[in-house]
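Beneath this line is the structure, given in structure tokens, with notes to follow.
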Amino acid sequence: MNVLVINCGSSSLKYQLIDSLKEEVLAKGLCERIGIEGSQIVYQKAGGEKETTVAPMPTHTEAIGMVLDALQNEKTGVIKSLDEIGAVGHRIVHGGEKFAESTVITDEVIEAIKECNELAPLHNPANLIGIDACREHMPGTPMVAVFDTAFHQTMPEKAYLYGLPYEYYEKYGVRRYGFHGTSHNYVSHRMAEFLGKNIEDMKIIVCHLGNGASVSAVMNGKCVDTSMGLTPLEGLIMGTRSGDIDPAIVEFIAKKENLDIDGVMDVLNKKSGVAGMSGISSDFRDLEAAEEEGNEAAIRTLRAYEYRVAKYIGAYTAAMNGVDAIAFTAGVGENGPVTRTGVCSYLGYLGVKIDEEANQRRGADNLISTKDSKVAVCVIPTNEELAIARETLRLVR
Ligand code: ADP
């Protein structure tokens, strides 16, 4: 069965058409600048060249229409009719406490997702627009919602409660939810499989280091803690997000810089992280190049980044009373041997030993620790789209 995977943002839409039985991507791409002048669709058939077409897309409905047209295009398309799309899987950012698992989309589910909008005001409404647009074009096709938060719903109370008045949790749902759940779930399971072990008997730490970054502790196949919180701002230092800071800094900066709360939040979300610390870039390729030239700002930024990841690994080792395996994934985790070495340099006390030759290898699943390392350290490429396609297939079958 072919599954169309949709990841809808406020002005963008990423898509992949996946043959979910063969687990092959047939075509993929994205629509950009939806609702803004100069909107365009990028389409790439498996093994083909990327094609970019500029076309007006006032709303997501036109964008989905363009995607479906591209998939059925006589020359470069991969299907003859929409009947060849068996189901649609939607990435939904926030499922609150309502969704501990993926679910088939019904009117009731849509209402329940809307009730989570307050927790992710930038993301959830856009995800819902994507569902509406797909329903317009493919009214009879089953659809599934896969939530970024769902995998983390197994966290115990002690991990998800903040040191705040309990009534904020009761009245407003203020607690740790965690994000990137689809990736943490996929990578932890893949890691166990790769090592030939049963995830039920394992203590795993997954470091998802992309533009957004988070760490999770997965014990016996269940998430017991994760570094992102009520929102994706908490935890690691990220591309442009601050991660953990003293909450009193919000007031301090507001007064010093004469900013209101939105202004400070903008700084914490978009102008901080490695981009703000270095003044160079949010992209690790630029930072690593600057480090090679001896750039002081790049050096101190990268060291602070690695140190923060290592601190979370220490914390989660304590949370699980041990760790058997550590996985690195996402853009930086998969492509940044220097960052991986930097993080692991703090883990000698756990008996972690890195095989530098293996660490330099790129590509597929890869064991980067030595044979006598007490903890297996691996690079496991994440694949959120495939995970969404699998969930979709499981639920609509
Ligand atoms: P997201 O999905 O959160 O947007 P990704 O997981 O794609 O992010 O990660 C993007 C980041 O990965 C880039 O900003 C860059 O810092 C890093 N990255 C990508 N390729 C490389 C590379 N070859 N070397 C080092 N870092 C890389």
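No hydrogens, no waters, no symmetry mates; every other heavy atom, side chains included, goes into these values. Small disclaimer: the values here were computed from a predicted structure and weren't measured. As the structure lists them, so they are numbered: ligands from 1, and atoms in each ligand from 1.
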Within the 4.0 Å heavy-atom shell around V332, which atoms of ligand 1 are there?
12 (O), 16 (O), 17 (C)
Y15 with M138, same ILVMFWY side-chain cluster at under 4.5 Å:
yes
Looking at atom 5 (P) of ligand 1, what's its closest protein heavy atom, distance included?
G331 N, 3.7 Å
Looking at atom 15 (C) of ligand 1, what's its closest protein heavy atom, distance included?
D283 OD1, 3.4 Å
Does G212 have a non-hydrogen atom less than 4.0 Å from ligand 1?
yes
Side chains of T53 and Q40: donor-acceptor distance under 3.5 Å anywhere?
no
Under the ring-ring contact (aromatic ring centres under 6.0 Å, His included) test, which residues partner F194, sequence neighbours left out?
none
Show me which atoms of ligand 1 lie under 4.0 Å from any heavy atom of A330.
6 (O)
What is the closest protein heavy atom to atom 10 (C) of ligand 1, and at what distance does it sit?
N211 N, 3.9 Å
Just verifying a value: how many Å separate L26 CG and I18 CD1, rounded to the nearest 0.5 Å?
8.5 Å
Between T370 and D372, do the side chains contain a donor N or O and an acceptor N or O under 3.5 Å apart?
yes
Table please: side-chain donor-acceptor pairs of residues 117-129 below 3.5 Å, with sequence neighbours left out.
unit_1, atom_1, unit_2, atom_2, d
N124, OD1, H94, N, 2.9
N124, ND2, H94, O, 2.9
N127, OD1, V93, N, 2.9
N127, ND2, C8, O, 2.8
N127, ND2, H123, O, 3.4

among protein heavy atoms, the one nearest atom 21 (C) of ligand 1 is N335 CB, 3.5 Å
Got the closest protein heavy atom to atom 16 (O) of ligand 1, with its distance?
F284 N, 2.7 Å
